[in-house]
*Asks:* 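To start, I am sharing the structure in question, which I have written as structure tokens.
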Amino acid sequence: MVVARAAWAADPGRSRGRRHPESPAVGRSDFQRDRDRIVHSTAFRRLEYKTQVFVNHEGDLFRTRLTHSIEVAQIARSIARRLGLDEDLVEAIALAHDLGHTPFGHAGQDELNACMKQWGGFEHNLQSLRVVDELEQQYADFDGLNLCFETREGILKHCSRRNAVALGDVGRRFIEGGQPLLEAQLANLADEIAYNNHDIDDGLRSGLLEIEQLETVDLFARQASEVRAAHPRLGGRRFIHETIRRIINELVTDLLDETRGRIARHAPDGPDAVRASPALVGFSAPMRERADELKRFLHENLYRHYRVVRMTSKARRVIRQLFDAYLDDPRLLPPEHRDRAREDAARAIADYVAGMTDRYAIKEHRRLFSFDIET
Ligand code: MG
């Protein structure tokens, strides 16, 4: 069932606007224009070669940041349509949410944060906003992509008080309280649905997880036993895919039911009422618990698996050594980054390192520390 734009949906015709005023897009809404700018950005193409859990060269079929972001957008859009939300805004936020991610996944982010400790730290979510606000260089009239306030607000999921003050309007809710629009709330939960499920798939594909282990997790066990009952002879990849698609469906259905109930109770009559309400997009309490159980399982058994940790410890060293080498001698930086480093060396280096793909970081590390390849 398709619902027309609901009263509680974001309205591109009533956006709080862009930082640099522009005339309205012709033939598409302002949120569509944002989505299109994101797809055409350099940072978006880099996602193809950035780690989700497995480093790109570990296998051709594992998720990368790019395919992860596309899966998030797919889940978010299909829910948005059923809730009458603005699909373009939800898609823009979903496609942009990881643009600021470092190479090598969370290990890269943690190490860069440690490197930047005395210069205000590094946070990939804040970096995503920095990419769309400042770092992309595509347009004649401004730095960044000059996105609408609502898209920028949705990209900024969390933020420290100190950073919120520096960010101005888009950081205000972290000081004064309040929720972002439903499209942003939804993109956030679609992210969780996507990674919990594709990490099961990638974990099994890599051999780091076993189906028997996953049977200890309620969400997986219940759907797996239904698949077995319906298709007793199904095995291998098809069994896994059939189980995962049912888990995604169960999560999405619960999220829709719960969110519809909350919207009915609070009856927000527009975006301002959404901002003043408690979080309206969410799982039911029992489903929240079951999703958390799956998350805990993946943390303990996949993200902390020794083979993943072995990769992440190597990745941390690459990030640390690149950062230290540039800081020690900014002449090692390519000209455009060296120019920026004259003002604020640490931040310019963090921007450069964060923008690297996995393989670029590995190659650059070799160029700086080894004589065995051409420079
Ligand atoms: Mg994500």
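Sequence positions, counted from 1, serve as the residue numbers for this chain. First listed ligand is number 1; within each ligand, the first listed atom is number 1.
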*Asks:* Would Ser78 and Gln74 count as a side-chain contact (heavy atoms from CB on, under 4.5 Å) if you check the C-alpha gap in whole Å, the side-chain angles of each, and the deciding distance to 0.1 Å?
*Replies:* CA-CA 6 Å; Ser78 70; Gln74 179 277 313; 3.8 Å; yes
*Asks:* If you draw a 6.0 Å radius around CZ in Arg331, do more than 12 non-hydrogen atoms from other residues or ligands fall strictly inside?
*Replies:*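 No, the 6.0 Å shell around CZ holds no more than 12 heavy atoms from other groups.
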*Asks:* Please enumerate all residues that pass ring pair (Phe, Tyr, Trp, His ring centres under 6.0 Å) together with Tyr139, with sequence neighbours excluded.
*Replies:*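 Listed in chain order: Phe142.
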*Asks:* Run through the protein N/O/S atoms less than 2.8 Å from the Mg ion (ligand 1) and write them out by chain and number.
*Replies:*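 Checking every protein N, O and S atom gives His68 NE2, His97 NE2, Asp98 OD2, Asp191 OD1.
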*Asks:* Take His97 and His68 through the ring-ring contact (aromatic ring centres under 6.0 Å, His included) test and state the conclusion after the steps.
*Replies:* CA-CA 10 Å; His97 84 284; His68 161 70; 5.2 Å; yes
*Asks:* Tell me whether the centres of the aromatic rings in Tyr49 and Tyr360 are closer together than 6.0 Å.
*Replies:*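 Between Tyr49 and Tyr360, the centre distance exceeds or equals 6.0 Å.
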*Asks:* Can you list the steps and then say if Arg347 with Arg130 is a side-chain contact (heavy atoms from CB on, under 4.5 Å)?
*Replies:* CA-CA 11 Å; Arg347 187 57 59 186; Arg130 201 169 150 71; 3.4 Å; yes
